[in-house]
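One structure below.
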Amino acid sequence: MRIVLLGAPGAGKGTQAKKLIDKYVIPQISTGDILRKAVTDQTPLGKEAKSYMDKGELVPDSVVIGLVKERLNQDDCKKGFILDGFPRNTSQAETLDGVLKDLNMPLTVALSVDVDFDVLMKRLTGRRTCKNCGQMYNVYFSPSSKESSCDKCGGELYQRDDDKEETIKRRLDVYKAQTEPLIDYYAGKGIIKRVNGIGDINAIFNNITSMLES
Ligand code: AP5
Ligand code: MG
Ligand code: ZN
């Protein structure tokens, strides 16, 4: 299974990817997670990426495409992968097609998780993430049983720097302008599937797996 996950900021790409990797035992490749780790580790890449991420803008293609290419060439991707947050514009999508063609691993499906914009602000301002294992919680919808630690592993929960109202607005605008057109791009290739991303997380996951397996 070679999957691209599409969806607006807060649609639940990461939440569903975490469940998919458990079920299908394939790696999740989240460019957002890779970039955030680089920012935390203060690598040259992280220093370059941070200013874009803090503004809610896309990090330049030249930076992100290199990261993904390198990751897709690793052995564990041979059995499949879930790309979460990549591609985000047409140029990234075209480059990805070329890379996967060379590797002889074409995409199985592009799955768009659809959520109305008015719900997303609350999801994002309420999001908390485990520093240790990456599990996502939401103070409004799915809180951890202890306010500041993870139910799964006891790790400390944190709030992302870009989950501020002003930055969220910009991320949503960038999504509309640059990423949403990819739904048509993959429809044109006959591999788009769309799932309603509002409702119970497990119910959405069940819809996704039945779509993937049909
Ligand atoms: P990235 O990390 O990809 O962020 P994003 O696209 O803005 O998406 P999010 O991670 O915010 O949302 P999600 O869909 O994963 O939602 P989640 O599952 O967490 O990118 C961040 C930045 O990095 C970008 O702005 C850019 O600067 C840079 N970047 C990354 N990739 C790039 C690329 N390819 N090119 C250039 N730049 C790039 O869920 C959100 C919340 O909702 C959680 O609290 C969760 O618990 C809750 N939730 C989930 N599902 C439900 C549900 N069904 N009901 C109620 N609550 C729910
Ligand atoms: Mg995410
Ligand atoms: Zn944890």
Side-chain angles (χ1 to χ4, degrees), residues 4-20 28-39 45-46 48-68 71 82-89 91-93 95-96 111-115 119-144 146 148-163 167-175 178-180 182 195-205 207-208:
V4 158
L5 273 185
L6 298 171
K13 300 179 297 294
T15 300
Q16 296 299 332
K18 292 264 178 300
K19 298 174 78 69
L20 288 165
Q28 171 194 10
I29 305 173
S30 161
T31 41
D33 287 351
I34 296 171
L35 292 167
R36 275 185 293 281
K37 178 159 192 316
V39 171
L45 164 70
E48 184 179 355
K50 187 174 177 359
S51 59
Y52 297 96
M53 297 173 80
D54 284 348
K55 284 185 281 196
E57 304 288 342
L58 295 184
V59 174
D61 288 351
S62 55
V63 174
V64 181
I65 286 170
L67 290 177
V68 173
R71 185 64 188 86
I82 300 165
L83 278 167
D84 161 8
F86 184 95
R88 266 183 139 91
N89 57 32
S91 146
Q92 292 182 9
T95 308
L96 176 66
L111 180 76
S112 172
V113 183
D114 298 334
V115 175
V119 181
L120 297 171
M121 186 59 78
K122 200 165 179 185
R123 282 200 189 175
L124 291 170
T125 52
R127 172 167 52 194
R128 301 292 182 272
T129 310
C130 174
K131 262 186 187 163
N132 181 44
C133 76
Q135 177 63 43
M136 254 90 62
Y137 297 92
N138 194 288
V139 297
Y140 306 113
F141 304 116
S142 50
S144 178
K146 288 192 209 87
S148 57
S149 66
C150 174
D151 283 341
K152 262 190 168 171
C153 77
E156 188 188 335
L157 303 184
Y158 77 100
Q159 187 167 16
R160 262 169 55 174
D161 284 342
D162 60 348
D163 281 346
T167 316
I168 293 169
K169 282 192 187 134
R170 183 65 197 141
R171 285 160 60 202
L172 293 173
D173 286 345
V174 168
Y175 170 78
Q178 301 197 46
T179 312
E180 202 173 52
L182 293 181
V195 67
N196 174 10
I198 296 187
D200 176 68
I201 290 172
N202 289 318
I204 296 166
F205 180 67
N207 287 340
I208 289 176

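Order of appearance sets the numbers: ligands from 1, and atoms from 1 within every ligand. Heads up: numbering here begins at 1 and tracks the sequence.
- Contact analysis puts Ala11 in contact with ligand 1, with a non-hydrogen atom separation below 4.0 angstrom.
- Nearest protein neighbour of atom 27 (O) of ligand 1, counting heavy atoms only, is Glu57 O, 2.6 Å.
- One finds a salt bridge joining Arg171 and Asp163 here, because a Lys/Arg side-chain nitrogen approaches an Asp/Glu carboxylate oxygen to under 4.0 Å.
- The angle subtended at the Zn ion (ligand 3) by SG of Cys153 and SG of Cys150 is 110°, given to the nearest 10°.
- Considering each of Gln92, Gln16, Gln159, the one bringing a non-hydrogen atom nearest atom 35 (N) of ligand 1 is Gln92.
- Polar contact with ligand 1: absent for Tyr52 (N/O pair, distance under 3.5 Å).
- In terms of N/O distances under 3.5 Å, ligand 1 is approached by Gly85.
- Between Ala8 and Leu172 the shortest heavy-atom distance is CB-CD2, 4.5 Å.
- At a cut-off of 3.5 Å, with distance as the only test, no side-chain donor of Lys152 or Asn132 sits close to an acceptor on the other residue.
- Less than 4.0 angstrom separates some heavy atom of Arg36 from each of these atoms of ligand 1: 2 (O), 21 (C).
- In this structure, atom 4 (O) of ligand 1 lies nearest to the protein heavy atom Arg160 NH2, 3.2 Å.
- Comparing Ile198, Thr31, Leu35 against atom 29 (N) of ligand 1, the shortest heavy-atom distance belongs to Leu35.
- The N/O atoms of Tyr137, backbone and side chain alike, include one that comes under 3.5 Å of an N/O atom in ligand 1.
- At a heavy-atom distance under 4.0 Å, only side-chain atoms of Asp162, from C-beta outward, approach ligand 1.
- Ala17 and Leu5 make their closest contact through CB-CD1, 3.8 Å (heavy atoms, listed as atom of the first residue, atom of the second, distance).
- Ranking protein heavy atoms by distance to atom 18 (O) of ligand 1, first place goes to Thr15 OG1, 2.5 Å.
- Regarding atom 6 (O) of ligand 1, its nearest protein heavy-atom neighbour is Arg88 NH2, 2.5 Å.
- For ligand 1, the atoms lying closer than 4.0 Å to a non-hydrogen atom of Met136 are 18 (O), 19 (O).
- For atom 15 (O) of ligand 1, the closest non-hydrogen atom on the protein side is Gly14 N, 2.9 Å.
- Considering backbone and side-chain N/O of Asp200, none are found under 3.5 Å from N/O of ligand 1.
- Side chain of Tyr140 to backbone of Thr125: no donor-acceptor contact under 3.5 angstrom is found.
- Scanning both residues, Thr167 and Lys55, for their nearest heavy atoms gives CG2-C, 3.9 Å.
- Shortest contact from atom 47 (C) of ligand 1 to any protein heavy atom: Asn138 ND2, 3.9 Å.
- Of the polar atoms of Gly199, at least one N or O is found under 3.5 Å from an N or O of ligand 1, judged by distance alone.
- Counting the atoms of ligand 1 from 1 in the order shown, those under 4.0 Å from a heavy atom of Val64 are 33 (C), 34 (N), 35 (N), 36 (C).
- Gln28 places no side-chain N or O within donor-acceptor distance of the main-chain N or O of Lys19, the cut-off being under 3.5 Å.
- The heavy-atom pair separating Ser144 from Leu157 by the smallest distance is CB-CD1, 3.9 Å.
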Query raised in the report: Do Leu58 and Tyr52 pass the side chain to side chain contact (heavy atoms under 4.5 Å, CB included) test, and can you show the C-alpha distance, the side-chain angles, and the key distance before you say yes or no?
Result: CA-CA 6 Å; Leu58 295 184; Tyr52 297 96; over 6 Å; no
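- When each atom of ligand 1 is checked for a heavy atom of Gly197 under 4.0 Å away, the hits are 53 (N).
- Taking any N or O of Ser30, backbone or side chain, none lies under 3.5 Å from an N or O belonging to ligand 1.
- The closest side-chain heavy-atom distance from Asp61 to Asn89 is below 4.5 Å.
- A donor-acceptor pair under 3.5 Å links the side-chain atoms of Arg123 to the main chain of Ala11, judged by distance alone.
- Listed by number with element, the atoms of ligand 1 under 4.0 Å from a non-hydrogen atom of Ile204 are 53 (N).
- Here the straight-line distance linking atom OG1 of Thr15 with atom CZ of Phe141 works out to 11.5 Å at 0.5 Å rounding.
- For the atom pair Leu20 CG and Lys13 NZ, the distance stands at 13.5 Å (nearest 0.5 Å).
- In this structure, the protein non-hydrogen atom closest to atom 13 (P) of ligand 1 is Lys13 N, 3.5 Å.
- Backbone and side-chain nitrogen or oxygen atoms of Gly12 are examined, and one is located within less than 3.5 angstrom of a nitrogen or oxygen of ligand 1.
- In Ser142, the part holding a heavy atom less than 4.0 Å from any atom of ligand 1 is the side chain.
- Here CD of Gln159 is found 4.0 Å from CZ of Arg128. Values are rounded to the nearest 0.5 Å.
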Report task. Apply side chain to side chain contact (heavy atoms under 4.5 Å, CB included) to Leu35 and Lys50, showing your working. Result -> CA-CA 8 Å; Leu35 292 167; Lys50 187 174 177 359; over 6 Å; no
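- Under 4.0 Å from ligand 1, the heavy atoms of Arg171 that appear belong solely to its side chain.
- The minimum heavy-atom distance between Cys130 and Gly155, with the atom names listed, is SG-CA, 3.9 Å.
- Ligand 1 has a nitrogen or oxygen under 3.5 angstrom from a nitrogen or oxygen of Val59.
- Across all non-hydrogen atoms, the minimal contact from Phe86 to Val4 is O-CG1, 4.1 Å.
- Interface atoms of ligand 1 facing Phe141, defined by a heavy-atom separation under 4.0 Å, are 55 (C), 56 (N).
- In the vicinity of Ala8, heavy-atom distances shorter than 4.0 Å reach the ligand 1 atoms 14 (O).
- Looking only at protein heavy atoms, the nearest one to atom 41 (C) of ligand 1 is Arg123 O, 3.5 Å.
- Assignment of Gly10 to the shell around ligand 1 is supported, since a heavy atom sits closer than 4.0 Å.
- Residue Leu124 touches ligand 1 through its side chain alone, judged by heavy-atom distances below 4.0 Å.
- The shortest side-chain heavy-atom distance between Val64 and Arg88 does not fall under the 4.5 Å cut-off.
- Taking every non-hydrogen atom of Pro9 and a distance limit under 4.0 Å, the qualifying atoms of ligand 1 come out as 5 (P), 7 (O), 8 (O), 12 (O).
- Counting heavy atoms from C-beta on, the side chains of Met53 and Asp161 never come closer than 4.5 Å.
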